Protein chains: 2
Amino acid sequence: MKNINIRELAQQLNLSVSTVSKALNDSHEISDETKKRVLKTAATLNYVPNPYASSLRGRKSKNIGVVIPEVADSFFSIAINGIESVAKEKGYHVLICLTHESFENEKNILKEFQGGRVDGVIMSVSRETIQSDHISDLISNGVPLILFDRVCEDVETAKITTDDFESSYKATEHLVAQGCKKIAFLGISKSLSLNSKRQEGYVQALNDHDLKSGNKHIIHCTNELKPNYRLVKKLLQQKNRPDGIVASMEKLTTPVYTACADLNLSIPQDVKMVCFSNLETASILNPSLTTITQPAFEMGKTAASILFRALKKTNLSLTKSSIVIPSSLMIRSSTT
Amino acid sequence: MKNINIRELAQQLNLSVSTVSKALNDSHEISDETKKRVLKTAATLNYVPNPYASSLRGRKSKNIGVVIPEVADSFFSIAINGIESVAKEKGYHVLICLTHESFENEKNILKEFQGGRVDGVIMSVSRETIQSDHISDLISNGVPLILFDRVCEDVETAKITTDDFESSYKATEHLVAQGCKKIAFLGISKSLSLNSKRQEGYVQALNDHDLKSGNKHIIHCTNELKPNYRLVKKLLQQKNRPDGIVASMEKLTTPVYTACADLNLSIPQDVKMVCFSNLETASILNPSLTTITQPAFEMGKTAASILFRALKKTNLSLTKSSIVIPSSLMIRSSTT
DNA sequence: CTGAAAGCGCTAACAA
DNA sequence: TTGTTAGCGCTTTCAG
């Protein structure tokens, strides 16, 4: 039982292929009666158009590519829901491509996209990404691309971010207000502008409150659980150990909690922690975790809306614009 | 700067299109020298083939569809990683389609797949799915489809599951061993065979230990946080409230923990809980959560491997086979 | 070893 | 309002 094609459908109807095609696409050239007839037999014969044939002809794939570092991360998985909600509405499919934080993978994926597999791209760069030629290449090749969350400053396109500097500043200030004197910052990777902003917010807050941060208190993490655990443990074993932590990735929660437990340090008495995180379980952790919760769904949704706006007007490239959607600090027991 | 196509590439090389095509596909008909020349200019001119043209011609899309209820769920997001790891190796892309637990969505997605958008499908059915004609239709249309985790018994295809009955049995037995007398079961939905198996494992364990479960102690949840909270709260407010809970979805963790806190019930003193869950944060919850951890990555990987085996041999449909990969009970403080 | 040409399923000029 | 026809970019016979 093979899938029927438009020619066979036309034969059944005693109509030409083009008439059927137009009817199927609800063209104004076709009479209502014919449309109805076509739609009906299409349904009974179970006709489903081949998307790649239309794609080839019309040079639009009805796919958008979503390039992200990981899917097993609540920020990204929620963002996908946001993207998908608008893609579905527009009749588009979402091709999710994971870089697993590798620049090499990221380049390969974007390269492949030049072949026309997707009509547009929504992307968050990997932790290794230090330059952006691969992105600009794709864009200048005519594929609209929007950056979200982890953006590259120098790419000329629309960018959706959250207020990384401000929220990091507020979080740090909150720790100061709770009495922390030695606050550490756990970053993702030096190259990410998102990371820099958060770090700057942290440093600024320290300065504004006359606390200096020695370099020892800024560390960058890896992508693995075990090494992160060791890094955190080492940090907490210093003579001058921090009494507060601003963590830039939700993945750091488990290493910090585990390391504290293993070192007999209590959160929040000995160490207070605030984390950029969208974990639903933040509120039921032991202790419940103070988070900077990012508007993941909104960011995805906004990125997709802007992308589709660009897709509509052919050849209108995305202007270099920035949309910032604020995060919210959810104060819980890990800092109070 | 538009993407170059094979004709332009051929012109540049003073070769015919077919020669170039063969060279690109490493055909034995082409001399090594020519191949090298073609590959080189292809690289310099940044030629990337249009996948849809090859798809149309060769009737294979190099896409596999992954149909799942949610992506913001650790079991499914980890399973995606497993699927993706083998897809990538085979040069395939993964089209992730979310049903959001809606049967209607699920049907539409599979219907669309009949058009040839994907070469094969890996799927876990929605909570609403009570019959499987849409699945059988797609399969009899020549699209190989594999079910994983939430399978439909009556579909003739390969199925990858975990040992739902046994692990549920063990979890229940564990609660009994910890002294629970009134154990409740929180299911996903009555229609899922996965749910039935877990429920049967639970019931069997109760019977084997001479504990009867009144119907009041088996409840089925919704897909939303708030209603689940209310359901759980009601359950825990009964005169005959349970002292143990076997929960079938990781989503139930927050409602149970929150409801217990709000009712001043302590876990594990008043209520013990074990949950089917792949949450990384299970170990740092308050209290740490005893889980039945499913082999999510392996299940995804296995499903994909089997699918690709079927994809290789054209026209060999998947035999009705079952692979069961065991889960492991991770005992933590919520039950001890 | 290389090339010419047909055609995958569909859409959109252009004709009728 | 409907039909004819020429491709979209690629692979693959079949000839040379």
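In what follows, chains carry the letters A, B, and so on, assigned in the order in which the sequence lines appear, proteins first and then strands, with residues in each chain numbered from 1. Fair warning: this is a prediction, and the values are worked out from it, not measured in the lab.
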query = Would B/I122 and B/F148 count as a side chain to side chain contact (heavy atoms under 4.5 Å, CB included) if you check the C-alpha gap in whole Å, the side-chain angles of each, and the deciding distance to 0.1 Å?
reply = CA-CA 7 Å; B/I122 296 176; B/F148 80 109; 3.5 Å; yes

key: Value in whole Å for how far the C1' atom of D/dG9 lies from CD of B/E8   = 11 Å

task = Measure from CD on B/E33 to C1' on C/dC1 and round the result to the nearest Å.
result = 12 Å

inquiry  = Within a 6.0 Å radius of atom NZ on B/K301, are there more than 12 heavy atoms belonging to other residues, nucleotides or ligands?
reply    = no

Heavy atoms from other residues, nucleotides or ligands near CG of B/L39 exceed 12 (cutoff 6.0 Å) = yes

key: Value in whole Å for how far the P atom of C/dT11 lies from NZ of A/K62   = 11 Å

request  = Calculate the interatomic distance between B/L9 atom CG and D/dT11 atom P; express it in whole Å.
outcome  = 11 Å

message = Taking only side-chain N and O atoms of A/Y47, does any of them lie within less than 4.0 angstrom of OP1 or OP2 on C/dC10?
response = yes

remark   = With B/D154 as partner, the option from B/S193, B/S132, B/S136 fulfilling side chain to side chain donor-acceptor pair (under 3.5 Å) is B/S132

request  = State, to 0.1 Å, how close A/I306 and A/A158 come at their nearest heavy-atom pair, and which atoms those are.
outcome  = CG2-CB, 4.1 Å

Please list, for nucleotides 1-4 of chain D, all pairs of protein and nucleotide N/O atoms separated by less than 3.5 Å.
unit_1, atom_1, unit_2, atom_2, d
D/dT2, OP1, A/T34, OG1, 2.9
D/dT2, OP2, A/S31, N, 3.3
D/dT2, OP2, A/S31, OG, 3.4
D/dT2, OP2, A/T34, OG1, 2.9
D/dT2, O4, A/E29, OE1, 3.3
D/dG3, OP2, A/S16, N, 2.9
D/dG3, OP2, A/S16, OG, 3.4
D/dG3, OP2, A/T19, OG1, 2.8
D/dG3, N7, A/S18, OG, 3.1
D/dG3, O6, A/K22, NZ, 2.5
D/dT4, O4, A/S18, OG, 2.9

request  = Tell me, yes or no, whether the heavy-atom count around B/K88 atom NZ, taken from other residues, nucleotides or ligands under 6.0 Å, exceeds 12.
outcome  = no

key: Minimal non-hydrogen separation, B/I135 against B/C152, with atom names   = CD1-SG, 4.0 Å

inquiry  = Using whole Å, what does the distance between atom P of nucleotide D/dT11 and atom OH of A/Y52 come to?
reply    = 16 Å

inquiry  = For C/dG9 and A/N50 - does any side-chain N or O of the residue sit under 4.0 Å from the phosphate oxygens OP1/OP2?
reply    = no

inquiry  = Of the listed nucleotides (D/dC10, C/dA12, D/dG9), which one gets closest to any side-chain atom of B/P49?
reply    = D/dC10

ask   = Separation of B/R57 atom CZ from C/dG9 atom C1', in whole Å?
value = 12 Å

query = When the distance from CG of B/L13 to C1' of C/dC1 is rounded to whole Å, what number comes out?
reply = 16 Å

task = Specify the separation, in whole Å, of atom CG of B/L56 and atom C1' of D/dG7.
result = 12 Å

